[in-house]
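The block underneath contains the structure these notes are about, expressed in structure tokens.
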Amino acid sequence: MIEMDACLRRAWGVRMKRTIGVVGGGAAGMTAAILAARNGAYVTLLEGNDRVGKKILSTGNGKCNLGNMDLGPERYGTCSPGRLKAWLEQFDTQAAIEFFRAMGLLTKQKNGGLYPVSEQASSVLDVLRFELEREERIRVRTGCKVDRIRRDEGRNRIRVWSGGELLAFDRVILACGGRAAPKTGSDGSGYRLAEMLGHSIVPVVPALVQLKCREDWFKSVAGVRADAEILLEDQKMGSIRERGELQLVDYGISGIPVFQLSGRVNYILREKKEVTLKIDFLPGFEDEPKGAVEMSRPDFEGRTGEFAERLVRERMPVEACATVEEYFNGVLHKKLMTLLIKLAGLRPSEPASGADPVKIRRVYELCRCLEVHVTGSNSFEHAQVCAGGVPLDELTENLESIKAPGVFFAGELLDVDGRCGGYNLQWAWCSGYLAGVFAAEGE
């Protein structure tokens, strides 16, 4: 076992100031390395994969939604929103735009989201890689997975081990990701390193992920997409509503509104509680005297009956000469409409005029409030991020560990998970930037 500290100092030169080891070469780690070097530190970036930034290439379906103009702590899940708010204010979306512009990346806004003008995630990775290569104070070591860390109290140094190799630094930034998408290198090892330093871990669950449901009819509607609003009701969190394109798959539900709820759902399931979601497939339909349709906030707790009565009255002329299938034609996607007809106890081929009026109304009610029972989610392999991690209240305002001074944290390893829309990469830039600056401060 060889301690590399003396070798590193000779390599960097006798007049070298602070040495910083950055563990993890993802979005947060590369940003931290760049900022630490710009602030005078000599940085060794340790990445377990054979190349840096592998996970960036898959973000935003390859287009890399790297931020959002609508930024705030309410866009994130965390146990410490106040602490998060202060950090987001120090490095906001405009700061991210300027950070990338200075490195030569042009960005554009689309529906509030921030993207590279090229709409290629590789453009974002390339500017970071080029900056790492240009900066003389940074050395990148790939294939170097850190499996142990310890603070040397006597020498006030941080030691890390990679296999049988020992390296020592003045300070270390842990930015080695969470557990989501382990094929990109996020295998959860960062949590073990944090625990070695005395940190606790907020339970980690998959987030921004598909949900599995108990109902056996999903295979009949697999592939259907629909604008919908989903309601989650929980005693602790209250009512949470998400609207967007819902995707029905053979085992349950997917799509943006599902992703937004998935982390919270997984925490409820972790407590062995049942989760029932209510789906409105006609969000925004409002009862009007003349039968007009207006976009508004749907109400799952009482409007379904009124909605049904209104549609029954309006569609009476169709009922006289149509089958049930023809009567409901055009309301929703044909596969979905057929399912709701059957769930209400009707046959699509039977005459609408002779159908049970209670069941006719029930079909309309199901359009507005279909209940599904969630049994779980897809695994970390399918999750875009994970919820949970190192608690923010175990860090100083400079993102430095209270348990092990000299160690700083950044990125998904912390108890911060963002919504879809660039928020998770924005947190990576923000936390990486601040950790790099603060770690490099002082002599």
Whether over 12 other heavy atoms sit under 6.0 Å from F281 CZ | yes

Flag yes if more than 12 heavy atoms outside R270 fall under 6.0 Å of its CZ atom; otherwise flag no.
-> no

Taking NZ, NE, NH1 and NH2 as the nitrogens, is one of them in D147 or R192 under 4.0 Å from a carboxylate oxygen of the other?
-> no

Between S189 and D187: side-chain donor-acceptor atoms closer than 3.5 Å | yes

Are a donor atom and an acceptor atom from the side chains of E325 and T338 found within less than 3.5 Å of each other?
-> no

Can T142 and D50 be counted as having a side-chain donor-acceptor contact under 3.5 angstrom?
-> no

Would you sort out whether H199 and Y191 count as a ring-ring contact (aromatic ring centres under 6.0 Å, His included), showing the intermediate values?
-> CA-CA 9 Å; H199 284 279; Y191 303 124; over 10 Å; no

S379 versus E381, side-chain donor and acceptor atoms under 3.5 Å | yes

Quick one: does D92's side chain have a donor or acceptor within less than 3.5 Å of a partner on A95's backbone?
-> yes

Donor-acceptor pair, side chain of Y76 and main chain of Y423, under 3.5 angstrom | yes

Compare all side-chain heavy atoms of Q260 with those of L208 and state whether any distance is below 4.5 angstrom.
-> yes

Does a donor on one side chain sit under 3.5 Å from an acceptor on the other, for N378 and Y251?
-> yes

Considering non-hydrogen atoms only, spot the tightest contact between A37 and I138 and give its length.
-> CB-CG1, 3.5 Å

Would you check if the side chain of E165 reaches a backbone N or O of S162 as a donor-acceptor pair within less than 3.5 Å?
-> no

Spacing of L88 atom CG and L434 atom CG [to the nearest 0.5 Å] | 9.0 Å

Under 3.5 Å: donor-acceptor pair, side chain of Y327, backbone of P348 = no

For S401 and L395, work out which heavy atoms get closest and say how close.
-> CA-CD2, 4.0 Å

Side-chain touch R148/M196, heavy atoms, less than 4.5 angstrom | yes

Pair E229 + K278, salt bridge at N-O below 4.0 Å = no

For side-chain contact (heavy atoms from CB on, under 4.5 Å), just list the numbers for Q210 and H382, CA-CA rounded to whole Å, side-chain angles, deciding distance to a tenth of an Å, and then say yes or no.
-> CA-CA 8 Å; Q210 305 88 349; H382 300 276; 3.7 Å; yes

Over 12 non-hydrogen atoms of neighbours within 6.0 angstrom of NZ in K108 | yes

Any donor-acceptor pair under 3.5 Å from S80 side chain to R83 backbone | no

In short, P116 meets L66 closest at the heavy-atom pair CD-CD2, 3.8 Å

Worked verdict on R241 versus I230 for side-chain contact (heavy atoms from CB on, under 4.5 Å) = CA-CA 6 Å; R241 299 169 183 264; I230 307 175; over 6 Å; no

N61, CG atom: more than 12 neighbouring heavy atoms under 6.0 Å = no

Pair F328-I341, side-chain contact (heavy atoms from CB on, under 4.5 Å): steps then yes or no = CA-CA 9 Å; F328 286 107; I341 288 169; 3.9 Å; yes

Are there more than 12 heavy atoms of other residues, nucleotides or ligands under 6.0 Å from atom CD of E133?
-> yes

Salt-bridge test for R134 and E131: reply yes if a basic N is under 4.0 Å from a carboxylate O, no otherwise.
-> yes

Are any of the side-chain heavy atoms of V146 and C176 separated by less than 4.5 Å?
-> no

What closest approach, in Å, do S262 and A207 show between heavy atoms, and which atom pair accounts for it?
-> OG-C, 3.6 Å

Output yes when D250 and K219 qualify as a salt bridge under the 4.0 Å nitrogen-oxygen rule, no when they do not.
-> no

With distance as the sole test, does T93 use its side chain to make a donor-acceptor pair with the main-chain N or O of G67 at under 3.5 Å?
-> no

Under the side-chain contact (heavy atoms from CB on, under 4.5 Å) criterion, do I201 and V204 qualify, and how do the steps go?
-> CA-CA 8 Å; I201 303 294; V204 178; 3.9 Å; yes

Going by atom types only, do N49 and E47 share a side-chain donor-acceptor pair under 3.5 Å?
-> yes

To the nearest 0.5 Å, how far apart are CG in L261 and CD1 in I253?
-> 8.0 Å

Heavy-atom check, side chain of V372 versus side chain of I279, under 4.5 Å | yes

Nearest 0.5 Å please: distance from the SG atom of C430 over to the CG atom of L425.
-> 12.5 Å

Can you tell me how far CD1 of I173 sits from CG of L413, rounded to the nearest 0.5 angstrom?
-> 12.5 Å

Any side-chain heavy-atom pair of L105 and V124 under 4.5 Å = yes

Between atom CZ of R419 and atom CG of N424, what is the distance when rounded to the nearest 0.5 Å?
-> 11.0 Å

Would you mind reporting whether W87 and S431 have side-chain heavy atoms less than 4.5 Å apart?
-> no

Under 4.0 Å between a Lys/Arg side-chain N and an Asp/Glu carboxylate O for D417 and R75?
-> no

Side-chain donor or acceptor of W427 paired with backbone N/O of G411 under 3.5 Å = yes

Working to the nearest 0.5 Å, report the span between OG of S254 and CZ of F259.
-> 4.0 Å

May I ask you to decide if G422's main-chain N or O and N65's side chain share a donor-acceptor pair within less than 3.5 Å?
-> yes

Taking everything shown except E98 itself, do over 12 heavy atoms lie less than 6.0 Å from its CD?
-> yes

Just wondering, more than 12 heavy atoms not from K145 lying within 6.0 Å of its NZ?
-> yes

Side chain proximity check, L106 to R101, heavy atoms < 4.5 angstrom = no

Pair D280-R243, salt bridge (Lys or Arg N to Asp or Glu O under 4.0 Å): steps then yes or no = CA-CA 9 Å; D280 181 357; R243 181 174 174 179; over 6 Å; no

Any chance the side chains of H373 and E215 put a donor and an acceptor closer than 3.5 Å?
-> yes

Considering all heavy atoms of both residues, which atom of P206 and which atom of N266 are nearest to each other, and what is their separation?
-> O-ND2, 2.9 Å

Quick check: does any side chain N or O of S186 sit under 3.5 Å from a backbone N or O of P182, one acting as donor and the other as acceptor?
-> no

Mark yes or no for whether R368, through its side chain, and Y364, through its backbone, hold a donor-acceptor pair below 3.5 Å.
-> no

Within-4.5 Å side-chain heavy-atom neighbours: T375 and L269 | no

Heavy-atom closest pair, residues A27 and W429 | CB-CZ3, 3.4 Å

Taking the six-membered ring of Y115 (Phe, Tyr or Trp), confirm whether the NZ or CZ of K110 is under 6.0 Å from its centre and within 45° of its axis.
-> yes

Taking atom NZ of K273 as the centre, report whether more than 12 heavy atoms of other residues, nucleotides or ligands fall under 6.0 Å from it.
-> yes

List the steps and the verdict of salt bridge (Lys or Arg N to Asp or Glu O under 4.0 Å) for E412 and R179.
-> CA-CA 9 Å; E412 194 178 345; R179 291 184 61 190; over 6 Å; no

